[in-house]
K.L.:
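Structure in structure tokens, see below.
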Amino acid sequence: MYKSLVVPVDGSIHAERALAVAAELARSGGATLHLLNVPESAPDNIGILVGGSTEPMSEVEREKLAEGMRKAGQQVIDKAKAAVDLAGIEVKELVRQGKPGERIIEVAEEVNADAIVMGSRGMSDLRGMVVGSVSHRVSHTAGCSVITVT
């Protein structure tokens with residue numbers, strides 16, 4: 001049935017539930033799970049937001065921030081893997097920076113996913129209510145099936 005599933009994880013209980021559903025789907029059909037975390041890229045003028053300089057970040061500062069975000073993304077993936085039994089399932093891990101909705105769809109296309117299995121809400125429930133949820137955006141623009149888990 002499914003051979004390739006993308007599962008975005010963000011540390012939320014909804015993402016953990018989605019991973020559990022994806023694991024069962026993968027087990028029943030021998031699918032590969034692509035666990036994905038998407039830390040949002042920091043704006044160029046982040047110094048203003050944290051009380052620092054109004055100058056744009058240097059390339060060294062930007063790379064240092066990006067590396068920290070990649071490490072944090074890997075920790076989110078590791079936590080998700082520890083929460084769900086993935087024994088016997090091929091799992092690939094991806095951390096991509098940017099806008100979550102866009103990156104989820106890009107990865108689904110890259111890995112030729114049959115479906116994206118994701119939580120209905122993530123860690124930023126308030127932001128989702130204000131600007132629209134990532135799951136809503138993905139379900140309306142993905143080129144593959146989207147399974148939303150509550």
Side-chain angles (χ1 to χ4, degrees), residues 2-27 31-50 52 56-86 89-150:
Y2 296 112
K3 295 296 175 199
S4 178
L5 299 168
V6 171
V7 186
V9 294
D10 63 359
S12 70
I13 189 68
H14 299 282
E16 188 177 307
R17 289 178 188 149
L19 179 55
V21 169
E24 289 306 312
L25 291 171
R27 236 182 235 103
T32 299
L33 293 183
H34 300 270
L35 300 187
L36 170 65
N37 179 263
V38 185
E40 290 192 61
S41 298
D44 191 44
N45 59 350
I46 192 168
I48 295 170
L49 301 174
V50 295
M57 293 174 65
S58 71
E59 193 58 38
V60 171
E61 292 169 322
R62 185 180 310 286
E63 184 52 41
K64 189 184 240 183
L65 180 61
E67 181 59 28
M69 293 172 85
R70 281 190 289 272
K71 286 180 181 178
Q74 185 60 52
Q75 289 174 341
V76 170
I77 289 173
D78 292 343
K79 180 182 173 207
K81 286 174 56 180
V84 176
D85 178 15
L86 300 175
I89 300 171
E90 182 179 1
V91 177
K92 297 185 177 181
E93 303 170 10
L94 301 154
V95 177
R96 301 281 173 87
Q97 288 179 289
K99 294 182 178 178
E102 292 175 10
R103 294 297 172 261
I104 292 166
I105 291 167
E106 285 174 6
V107 167
E109 291 171 357
E110 285 174 22
V111 302
N112 198 27
D114 299 304
I116 299 166
V117 184
M118 62 189 303
S120 60
R121 291 196 172 102
M123 292 298 282
S124 56
D125 284 341
L126 178 61
R127 181 170 177 230
M129 289 176 6
V130 175
V131 297
S133 72
V134 173
S135 62
H136 178 81
R137 200 168 303 121
V138 169
S139 68
H140 284 83
T141 57
C144 62
S145 297
V146 178
I147 301 168
T148 306
V149 179
T150 57

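Every value quoted in this text rests on a predicted model; they were computed, and no experiment measured them. Start at 1 with the first residue, then count along the sequence. What's counted below: heavy atoms across the whole structure, side chains too, no hydrogens, waters or symmetry copies.
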K.L.:
Tell me whether D78 is salt-bridged to K71, with the criterion being a basic N under 4.0 Å from an acidic carboxylate O.
P.N.:
no

K.L.:
Are the side chain of E61 and the backbone of S58 linked by a donor-acceptor contact shorter than 3.5 Å?
P.N.:
yes

K.L.:
Do V107 and I116 have side chains that approach each other closer than 4.5 Å (heavy atoms only, starting at C-beta)?
P.N.:
no

K.L.:
Write down the atom of A31, the atom of I89, and the distance for their closest heavy-atom approach.
P.N.:
O-CG2, 3.9 Å

K.L.:
Evaluate the salt bridge (charged side-chain N to carboxylate O under 4.0 Å, His left out) criterion for residues R96 and E110: first the C-alpha distance (whole Å), next the side-chain angles of each, then the deciding distance (0.1 Å), finally the verdict.
P.N.:
CA-CA 12 Å; R96 301 281 173 87; E110 285 174 22; 3.0 Å; yes

K.L.:
Heavy-atom distance under 4.5 Å between the side chains of V6 and V117, does that happen here?
P.N.:
no

K.L.:
Out of curiosity, K79 NZ to D10 CG, how far, rounded to the nearest 0.5 Å?
P.N.:
9.5 Å

K.L.:
Please test D85 against R27 for salt bridge (charged side-chain N to carboxylate O under 4.0 Å, His left out), starting from the C-alpha separation and ending with a verdict.
P.N.:
CA-CA 11 Å; D85 178 15; R27 236 182 235 103; 3.8 Å; yes

K.L.:
Can you name the nearest heavy-atom pair linking H136 to H140, along with the distance?
P.N.:
O-ND1, 2.8 Å

K.L.:
Between V134 and M118, what is the shortest heavy-atom contact and its length?
P.N.:
CG1-CE, 4.0 Å

K.L.:
Do you know which two heavy atoms are closest between A80 and V9, and how far apart they sit?
P.N.:
CB-CG1, 3.9 Å

K.L.:
Between A22 and L5, which heavy-atom pair has the shortest distance, and what is it?
P.N.:
O-CD1, 3.8 Å

K.L.:
Does the side chain of E16 come within less than 4.5 Å of V84's, by heavy atoms?
P.N.:
yes

K.L.:
Out of the candidates N37, L94, V91, only one should pair with I77 under the side chain to side chain contact (heavy atoms under 4.5 Å, CB included) rule; please name it.
P.N.:
N37

K.L.:
T150 and H14: side-chain donor and acceptor closer than 3.5 Å?
P.N.:
no

K.L.:
For K81, which residues count as a salt bridge (charged side-chain N to carboxylate O under 4.0 Å, His left out) partner, sequence neighbours excluded?
P.N.:
E93

K.L.:
Tell me, do L33 and Y2 make a side-chain contact under 4.5 Å, heavy atoms counted?
P.N.:
no

K.L.:
Can you find a heavy atom in the side chain of Q97 that is under 4.5 Å from one in the side chain of R70?
P.N.:
yes

K.L.:
As a quick check of understanding, evaluate side-chain contact (heavy atoms from CB on, under 4.5 Å) for S4 and D114, giving each step before the final call.
P.N.:
CA-CA 6 Å; S4 178; D114 299 304; 4.2 Å; yes

K.L.:
Taking C-beta and beyond as the side chain, do M69 and V38 meet within less than 4.5 Å on heavy atoms?
P.N.:
no

K.L.:
Please evaluate residues L25 and I147 with respect to the criterion side-chain contact (heavy atoms from CB on, under 4.5 Å), reporting the C-alpha separation (whole Å), side-chain torsions for both, the decisive distance (0.1 Å), and the verdict.
P.N.:
CA-CA 11 Å; L25 291 171; I147 301 168; 3.8 Å; yes

K.L.:
If we ignore hydrogens and angles and just use 3.5 Å, is the side chain of S145 paired with the main-chain N or O of A115 as donor and acceptor?
P.N.:
no

K.L.:
Within a strict 4.5 Å, meaning less than it, do heavy atoms of the V7 and H34 side chains meet?
P.N.:
no

K.L.:
Just so I know, are the side chains of T141 and I105 near enough to count as touching, which here means a heavy-atom distance under 4.5 Å?
P.N.:
yes

K.L.:
Taking the basic N atoms (NZ, or NE/NH1/NH2) and the acidic carboxylate oxygens, is any pair closer than 4.0 Å for K64 and E67?
P.N.:
no

K.L.:
If you compare all heavy atoms of A18 against all heavy atoms of G119, which two are closest, and at what distance to 0.1 Å?
P.N.:
CB-N, 3.5 Å

